[in-house]
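First comes the structure, then the notes that go with it.
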Amino acid sequence: VCPNCSEPVPPSALACPECGADWDTGWKDLGGSGFGADAPEEAFDYDAAFEKEFGESPKPEGMRPLWWITGIAILVLFLFGALRAIF
């Protein structure tokens, strides 16, 4: 019996004639839950993975607010100077 689709399999078959499962796709001597095309997808928590990868804060760890204010002020001055040069 195929562990993936539960159909009968001939003793000398190298793959299941119904679903195509073989040794590499989850058809082992002991059977099991199978890992073929009919296997259920594993639940994946996208929010937890995103938070783990990027963190929950947009600013880097340990960066003081004074540096954020300084960076924004320099950016504003640069943009003001660029606009003034254009007009």
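Bear in mind that the values here come from a model prediction, so they are computed numbers and not experimental data.
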message = What's the separation between atom CH2 in Trp67 and atom CD1 in Ile72, rounded to the nearest 0.5 Å?
response = 14.0 Å
Pairing residues for Asp45 by the side chain to side chain contact (heavy atoms under 4.5 Å, CB included) criterion, not counting sequence neighbours = Asp47, Ala48
note = For Ile74, the other hydrophobic cluster members (4.5 Å side-chain criterion, sorted by chain and number) are none
query = What is the distance from atom SG of Cys16 to atom CD of Glu18, rounded to the nearest 0.5 Å?
reply = 6.0 Å
query = For the residue pair Asp22 and Ala15, what are the closest heavy atoms and their distance?
reply = CB-CB, 4.0 Å
remark   = Sequence neighbours excluded, the answer for ring pair (Phe, Tyr, Trp, His ring centres under 6.0 Å) partners of Tyr46 is Phe44
